[in-house]
Each structure stands twice: as structure tokens, then as C-alpha cells.
Amino acid sequence: MSTTDHVNAIVRQELLRLAELEESLAAREATAVPYWMPCPPSVHGRREAALALRADAERFLT
């Protein structure tokens with residue numbers, strides 16, 4: 001494995017870790033809201049951030 005491939009794999013892994021963290025924070029925040037109330041915008045923002053991080057991670061697949 002070349003150095004570039006190794007760095008790409010590390011960056012991809014970190015992006016996926018951050019995406020999981022955002023999903024986890026969104027889920028934790030959403031569970032604090034009663035089911036009949038809408039989720040706060042921050043939950044939607046965290047979920048969108050997770051999607052963007054995963055899309056960026058896909059760019060590092062070789």
C-alpha cells in the first residue's frame with residue numbers, strides 16, 4: 001500500500017467516525033424530545049452533516 005493510499009484510508013476512516021458521532025448526537029438529542037413534538041433543527045443539521053461526511057468519505061475509496 002502506498003503512502004497516499006494509507007493516508008486516504010485514514011482520512012476516510014476519520015470521516016466515517018465523525019459521521020457516526022453526528023448520527024449518535026442527533027439520536028441522543030432526538031430522544032430528549034417528546035414524540036408529538038417536532039425535532040429541533042439541530043437534529044436535522046446533525047443528520048445532514050453525517051450525510052455530507054459519508055459522501056466525502058466515499059471520495060477516498062480507491
Practice prompt. With sequence neighbours excluded, tell me which residues meet side chain to side chain donor-acceptor pair (under 3.5 Å) with Glu29.
Written response: Ser42
Response to the item:
Closest non-hydrogen atoms of Ala50 and Glu23, given as atom of the first, atom of the second and distance, are CB-OE2, 3.5 Å
Response to the item:
For Val33 and Pro40, the nearest pair of non-hydrogen atoms, with its separation, is CG2-CD, 3.6 Å
Worksheet, complete the sentence: Between the CG atom in Asp5 and the CD1 atom in Ile10, the distance rounded to the nearest 0.5 Å is 11.0 Å
Worksheet item: Same cluster or not: are Val11 and Leu51 linked, directly or through other Ile, Leu, Val, Met, Phe, Trp or Tyr residues, by side-chain heavy atoms under 4.5 angstrom apart?
Response: no
Item to complete: Flag yes if Leu16 and Phe60 sit in one hydrophobic cluster, no otherwise; membership is Ile, Leu, Val, Met, Phe, Trp, Tyr, and two members link when side-chain heavy atoms are under 4.5 Å apart.
Response: no
Practice prompt. Carefully, step by step, assess Glu20 and Arg54 under the rule salt bridge (charged side-chain N to carboxylate O under 4.0 Å, His left out).
Written response: CA-CA 9 Å; Glu20 279 299 312; Arg54 285 190 182 99; 2.9 Å; yes
Item to complete: Determine which pairs satisfy salt bridge (charged side-chain N to carboxylate O under 4.0 Å, His left out) with at least one residue from residues 31-45, sequence neighbours left out, and list them in order.
Response: none
Response to the item:
Here the gap from Arg12 atom CZ to Glu58 atom CD, rounded to the nearest 0.5 Å, amounts to 5.0 Å
Worksheet item: What distance separates Leu53 CG from Leu21 CG, expressed to the nearest 0.5 Å?
Response: 9.5 Å
Response to the item:
Between the OG atom in Ser24 and the CZ atom in Arg28, the distance rounded to the nearest 0.5 Å is 5.0 Å
Worksheet item: What residues form a salt bridge (charged side-chain N to carboxylate O under 4.0 Å, His left out) with Glu14, not counting sequence neighbours?
Response: Arg17
